[in-house]
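This report concerns only the one structure given below.
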Amino acid sequence: MGETATENANDVPTRLGRLLFGLGLALQASEDFRDMDETIEYAESAGVPMADIAAPFASGMMFVAGVGIALWRIPRLATGAAVTFLAVV
């Protein structure tokens, strides 16, 4: 009953969940980087303006968000980047 939010945020299941979710985002972003031409083509076909800039930016944002969530560094910024990416895409 005396646990604080900080203690709950550092328990093993929570850390494992953050690690798995963050790595999943980062791995997906790395896949997008490997197939960037296809990612840009898909974005262009979906009508994304400036797809040649927006697609790499979105993949980079997702990679940074994934690493930030997995390592739990700057959590609000990392989570905000993931939410922004997922809401827009």
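The first residue in the sequence is number 1, and the count goes up from there.
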Transitive ILVMFWY cluster of Leu20, excluding itself - 4.5 Å side-chain cut-off:
Leu16

Can you tell me if Ser59 uses its side chain to pair, donor with acceptor, with the backbone of Pro56 under 3.5 Å?
no

Taking transitive links into account, so neighbours of neighbours count too, which hydrophobic residues share a cluster with Val67 at under 4.5 Å side-chain distance?
Phe33, Met36, Ile40, Phe63, Leu71

Is there a path of hydrophobic side-chain contacts, each under 4.5 Å between heavy atoms of I, L, V, M, F, W or Y residues, that connects Phe85 with Leu25?
yes

Side chain to side chain donor-acceptor pair (under 3.5 Å) filter on Gln28, not counting sequence neighbours, yields Asp32

If I compare all heavy atoms of Ala81 with all of Met61, which pair ends up nearest, and what's the gap?
CB-CG, 3.8 Å

Side chain to side chain contact (heavy atoms under 4.5 Å, CB included) filter on Leu19, not counting sequence neighbours, yields Leu23, Ala70

Rounded to the nearest 0.5 Å, what separation is found between the OG1 atom of Thr14 and the CH2 atom of Trp72?
9.5 Å

Applying salt bridge (Lys or Arg N to Asp or Glu O under 4.0 Å), name anything that partners Glu31, two or more places apart in sequence or on another chain.
Arg34

Nearest 0.5 Å please: distance from the CG atom of Leu77 over to the CD1 atom of Ile69.
10.0 Å

With side-chain hydrogen bond (donor to acceptor under 3.5 Å, both in side chains) as the rule and sequence neighbours excluded, what pairs involving residues 45-55 come up?
none

